[in-house]
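Throughout, protein chains are lettered first and strands after them, A, B, ... in sequence-line order, and every chain is numbered starting at 1. Everything quoted here is computed from the prediction, not taken from an experiment.
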Amino acid sequence: MPELPEVETTRRGIEPHLLDQQVERVVVRNGRLRWPVPEDLDVRLSGQHIRKVERRAKYLLIQADAGTLICHLGMSGSLRLVPQGEPPGKHDHVDIELASGQSLRYTDPRRFGLMLWSHDPLSHKLLARMGPEPLGDAFTVDDLFAKSRGRKTAIKPFIMDNAVVVGVGNIYASEALFAAGIDPRREAGSVSKQRYARLVGEIRAVLARAIEQGGTTLKDFVGGDGKPGYFQQQLFVYGRGGLPCLKCGRELREAKLGQRSSVFCGHCQS
DNA sequence: AAATATACCTGACTGC
DNA sequence: TGCAGTCAGGTATATT
């Protein structure tokens with residue numbers, strides 16, 4: 001499931017193949033994603049050159065001359081380059097055919113992703129009210145701490161709230177809280193500034209490390225199977241409920257927080 | 001305003 | 001082997 005590091009890995013992987021490329025046509029085989037793919041996407045994009053590939057939160061912004069394709073990979077989506085003529089599989093829903101002879105292929109078994117067209121993506125309803133990028137300068141201890149005051153929700157769903165900070169999904173929220181030694185069930189409003197300082201550092205570190213590791217598979221990713229590599233990352237708690245804590249050896253516990261499964265160590269996290 | 005629930009979708013897995 | 005049931009998860013949106 002693409003989290004921010006995978007989206008960034010995807011961005012880095014596809015960007016060099018897209019920059020200044022002309023779009024020849026867009027083939028939509030199944031436009032029934034989270035919202036319908038615009039009917040006129042082919043008309044909008046064909047003939048245009050791609051000028052930039054940016055990321056905001058987990059959204060990819062593929063900027064062409066006259067507008068921007070906003071793309072989200074949802075839970076199971078991927079974008080990769082394939083030679084034109086490569087037969088599409090069951091879940092290959094969209095091909096953006098380029099003058100280079102390659103196609104940017106969107107695959108998404110669960111169809112939780114989206115593709116929309118916008119003339120001003122950062123003002124788009126979906127992006128306008130988002131919190132700071134976790135790896136950017138606007139993500140500060142002061143800001144996070146201030147937002148937490150008065151919040152009764154547990155700290156894990158709090159840091160997964162896109163209005164607080166973007167791009168921290170279930171995997172990395174779990175890992176960052178473990179690294180910071182904070183119990184994910186703790187009330188956000190009652191966590192000290194000192195502990196938030198630790199958490200900010202760990203969120204940054206875990207995401208940065210994951211992006212680095214995604215980078216190691218970049219080459220394979222573009223040419224190959226489209227699986228960037230967070231699986232290579234050492235995960236301390238995510239998906240390890242009931243198994244021994246890798247720090248203290250005690251059994252990792254599970255809890256449901258904000259409808260999301262959360263694994264933590266009752267000893268290392270308080 | 002904030003907290004909570006719901007919906008979307010399908011592959012992987014479990015139990016019979 | 002097959003079938004029915006359960007779970008996972010990002011996030012917008014509806015409801016309380």
Side-chain angles (χ1 to χ4, degrees), chain A residues 1-11 29-37 55-61 70-79 88-94 106-116 118 121-134 144 146-177 184-191 203 207 210 225-228 230-231 235 237-243 252 254-264:
Chain A
M1 49 227 80
E3 291 231 18
L4 186 142
E6 289 180 273
V7 178
E8 179 60 23
T9 297
T10 297
R11 190 195 69 75
R29 291 184 206 86
N30 184 353
R32 292 167 53 224
L33 305 184
R34 189 178 227 309
W35 287 291
V37 175
R55 179 188 58 75
R56 174 75 175 109
K58 294 179 192 167
Y59 291 87
L60 285 167
L61 307 176
I70 301 177
C71 189
H72 197 291
L73 303 178
M75 292 274 318
S76 55
S78 67
L79 279 170
K90 189 177 169 187
H91 303 297
D92 295 337
H93 305 311
V94 180
Y106 178 78
T107 307
D108 189 359
R110 296 184 196 176
R111 309 208 314 274
F112 274 19
L114 66 87
M115 259 190 199
L116 297 172
S118 170
L122 296 181
S123 309
H124 190 281
K125 194 182 167 189
L126 294 171
L127 299 174
R129 284 182 200 146
M130 294 208 138
E133 287 288 328
L144 187 62
K147 281 174 177 163
S148 74
R149 295 305 92 177
R151 294 290 298 264
K152 299 198 143 190
T153 194
I155 191 165
K156 179 160 170 277
F158 173 70
I159 60 170
M160 291 174 69
D161 179 348
N162 275 338
V164 173
V165 55
V166 302
V168 182
N170 202 25
I171 297 173
Y172 294 112
S174 304
E175 294 300 315
L177 285 165
R185 301 167 300 176
R186 195 149 235 177
E187 191 176 293
S190 70
V191 172
I203 289 173
L207 290 175
D225 61 10
K227 281 193 181 167
Y230 72 71
F231 54 86
L235 296 175
V237 286
Y238 179 82
R240 298 197 62 248
L243 297 174
L252 292 174
E254 282 184 89
K256 209 81 166 175
L257 297 172
Q259 326 300 119
R260 290 287 168 263
S261 75
S262 309
V263 181
F264 64 99

J.: Answer yes or no: is there a side-chain heavy-atom contact under 4.5 Å between A:L79 and A:C71?
T.: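 In contact.
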J.: How long is the line joining CZ of A:R129 and P of C:dT11, in whole Å?
T.: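 The answer, rounded to whole Å, is 17 Å.
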J.: Taking 4.0 Å as the cut-off, does a side-chain nitrogen or oxygen of A:H91 come that near to OP1 or OP2 on B:dG11?
T.: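 Answer is yes, contact under 4.0 Å.
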J.: For residues 163-170 of chain A, which side-chain N or O atoms pair as donor and acceptor with protein atoms under 3.5 Å away, sequence neighbours left out?
T.:
{"unit_1": "A:N170", "atom_1": "OD1", "unit_2": "A:K156", "atom_2": "NZ", "d": "2.5"}
{"unit_1": "A:N170", "atom_1": "ND2", "unit_2": "A:S261", "atom_2": "O", "d": "3.2"}

J.: What's the shortest heavy-atom distance between A:F264 and A:V237, and which atoms?
T.: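 Scanning both residues, the minimum pair turns out to be CA-CG1, 4.3 Å.
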J.: How close or far is atom C1' of B:dA5 from atom NZ of A:K256, stated in whole angstroms?
T.: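 Computing the A:K256:NZ to B:dA5:C1' distance gives 13 Å.
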J.: Between C:dT11 atom C1' and A:L114 atom CG, what is the distance in whole Å?
T.: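 It is 10 Å, rounded to the nearest whole Å.
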J.: Going by the angle between their ring planes, with limits at 30° and 60°, are A:Y59 and A:H72 parallel, tilted or perpendicular?
T.: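 Judged by the thresholds at 30° and 60°, the geometry between A:Y59 and A:H72 is perpendicular.
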J.: Check the distance between C:dG10's P and A:W35's CH2 and give it to me in whole angstrom.
T.: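 About 16 Å, once rounded to whole Å.
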J.: Nearest whole angstrom, please: distance from the P of C:dA8 to the CD of A:E254.
T.: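 Distance, rounded to whole Å: 8 Å.
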J.: Scan nucleotides 6-9 of chain B against the protein and return all N/O pairs shorter than 3.5 Å with their distances rounded to 0.1 Å.
T.:
{"unit_1": "B:dC9", "atom_1": "O4'", "unit_2": "A:R110", "atom_2": "O", "d": "3.3"}
{"unit_1": "B:dC9", "atom_1": "O3'", "unit_2": "A:R111", "atom_2": "NH1", "d": "3.4"}

J.: Show the nearest heavy-atom pair for residues A:D108 and A:S76, with the distance to one decimal.
T.: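 So the two residues come closest at OD1-OG, 2.6 Å.
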J.: With sugar-phosphate meaning primed atoms plus P, OP1 and OP2, does A:F158 contact a base, only sugar-phosphate, or nothing at under 4.0 Å between heavy atoms?
T.: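 No contact.
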J.: Any side-chain N or O of A:Y238 under 4.0 Å from OP1/OP2 of C:dG9?
T.: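 For A:Y238, the contact criterion (side-chain N or O under 4.0 Å from OP1 or OP2 of C:dG9) is met.
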J.: In whole angstrom, what separates A:L127's CG from C:dG10's C1'?
T.: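 Checked: the CG to C1' distance equals 14 Å.
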J.: Have a look at A:N162 and say if it touches a base, only the backbone sugar-phosphate, or nothing, with a 4.0 Å heavy-atom cut-off.
T.: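 If one applies the 4.0 Å heavy-atom cut-off, A:N162 turns out to touch the sugar-phosphate alone, with no base involved.
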J.: Using atom NZ of A:K152 as one end and atom P of B:dA1 as the other, report the distance to the nearest whole Å.
T.: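 Answer to the nearest Å: 18 Å.
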J.: Where the side chain of A:T153 is concerned, which of B:dT4, C:dG10, C:dA8 is the nearest nucleotide?
T.: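 Within the option list, the nearest is B:dT4.
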J.: Kindly give the heavy-atom pair with the smallest separation between A:P157 and A:L257, and that separation in Å.
T.: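 Taking A:P157 first and A:L257 second, the nearest heavy atoms are CD-CB, 4.1 Å.
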J.: Counting the atoms with a prime plus P, OP1 and OP2 as sugar-phosphate, which does A:L73 contact under 4.0 Å by heavy atoms, base, sugar-phosphate, or nothing?
T.: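 If one applies the 4.0 Å heavy-atom cut-off, A:L73 turns out to touch nothing in the nucleic acid.
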J.: Is A:S76 touching bases, backbone alone, or none of the nucleic acid, heavy atoms closer than 4.0 Å?
T.: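 Answer is nothing: A:S76 stays at 4.0 Å or more from every strand.
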J.: Write down the distance between CG (A:D161) and C1' (B:dA2), rounded to a whole number of angstrom.
T.: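 Going from CG in A:D161 over to C1' in B:dA2 covers 10 Å.
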